[in-house]
*Asks:* 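First, the structure itself, so that you have it in front of you.
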Amino acid sequence: MTRVLTFGTFDLFHIGHVNVLMRAASLGDHLTVGVSSDALNYSKKGRNPVYREEHRMAIVKSLACVDEVFVEESLELKGEYIKEHQADVLVMGDDWAGKFDHYKELCEVVYLPRTAEVSTTDIIQSIREDLD
Ligand code: C2G
């Protein structure tokens, strides 16, 4: 059995998120998703996600292609998470290309192309513009 692991915030869940998760799932038999905590997001982006952690986890967990979810507390813990979840493949979007190559000692590392023209930031921006 091939176990796949991926990470993300998955705020304002959109088609780019569906695509990456379905493609990640297709690389193995079991997909685990680390969903970034609100605190981790705040430290990375200087703002809280629109949807809070429990809701983002519940949305991701509800997908047929996702078997398991957990809270990603720190970007630096990926090695521990790979071991803990016995991942054979780490999948990341290609906005992270090259950044996780050192985990190749622990498992296969695959970067998938991002879906063009959709992002949480753009969704927030277009809602703001519509309300103005
Ligand atoms: N994604 C995508 N296409 C988009 C937008 C996002 O393929 N148009 C992918 C990203 O590449 C990532 C996943 O969807 O693999 C989740 O994206 P984000 O929620 O933006 O994740 P991020 O904040 O980059 O968190 O440890 C890493 C972090 O948790 C990643």
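What you see is a predicted model, and the numbers here were worked out from it, not measured in a lab. Ligands are counted one by one from 1 in listed order, and the atoms in each one are counted from 1 as well.
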*Asks:* With sequence neighbours excluded, what pairs up with His55 under the ring-ring contact (aromatic ring centres under 6.0 Å, His included) test?
*Replies:* none
*Asks:* I'd like a table of donor-acceptor pairs (distance under 3.5 Å, sequence neighbours excluded) in which one partner is a side-chain atom from residues 59-70, with atom names and distances.
*Replies:*
unit_1 : atom_1 : unit_2 : atom_2 : d
Ser62  : OG     : Ile59  : O      : 2.7
Asp67  : OD2    : Leu31  : N      : 2.7
Glu68  : OE1    : His30  : NE2    : 3.2

*Asks:* Just distance, no hydrogens or angles: give the donor-acceptor pairs under 3.5 Å from side chains in residues 87-98, sequence neighbours left out.
*Replies:*
unit_1 : atom_1 : unit_2 : atom_2 : d
Asp88  : OD2    : Arg3   : N      : 2.7
Asp94  : OD1    : Arg114 : N      : 3.3
Asp95  : OD2    : Arg114 : NH1    : 3.0

*Asks:* Is it the case that Lys78 places NZ or CZ above or below the six-membered ring of Phe7, under 6.0 angstrom from the centre and within 45 degrees of the axis?
*Replies:* yes
*Asks:* Pairs of nitrogen or oxygen atoms, one from ligand 1 and one from the protein, closer than 3.5 Å: please tabulate them with distances.
*Replies:*
unit_1   : atom_1 : unit_2 : atom_2 : d
ligand 1 : 3 (N)  : Thr115 : N      : 3.1
ligand 1 : 8 (N)  : Thr115 : O      : 2.8
ligand 1 : 8 (N)  : Val118 : O      : 2.7
ligand 1 : 11 (O) : Asp95  : OD1    : 2.9
ligand 1 : 15 (O) : Gly93  : N      : 3.3
ligand 1 : 19 (O) : Thr9   : N      : 3.0
ligand 1 : 19 (O) : Phe10  : N      : 2.8
ligand 1 : 21 (O) : Thr9   : N      : 3.3
ligand 1 : 23 (O) : Thr9   : OG1    : 2.8
ligand 1 : 23 (O) : Lys44  : NZ     : 3.3
ligand 1 : 23 (O) : Lys45  : NZ     : 3.1
ligand 1 : 24 (O) : Trp96  : NE1    : 3.3
ligand 1 : 25 (O) : Lys44  : NZ     : 3.3
ligand 1 : 26 (O) : Glu72  : OE1    : 3.2
ligand 1 : 26 (O) : Glu72  : OE2    : 2.6
ligand 1 : 26 (O) : Lys78  : NZ     : 2.5
ligand 1 : 29 (O) : Ser36  : OG     : 2.7
ligand 1 : 29 (O) : Glu72  : OE1    : 2.6

*Asks:* Report yes or no: does Glu53 contribute a side-chain atom to a donor-acceptor pair with the main-chain N or O of Asp38 at less than 3.5 Å?
*Replies:* yes
*Asks:* Calculate, to the nearest 0.5 Å, the distance between atoms NZ and OG1 belonging to Lys45 and Thr9 respectively.
*Replies:* 4.0 Å
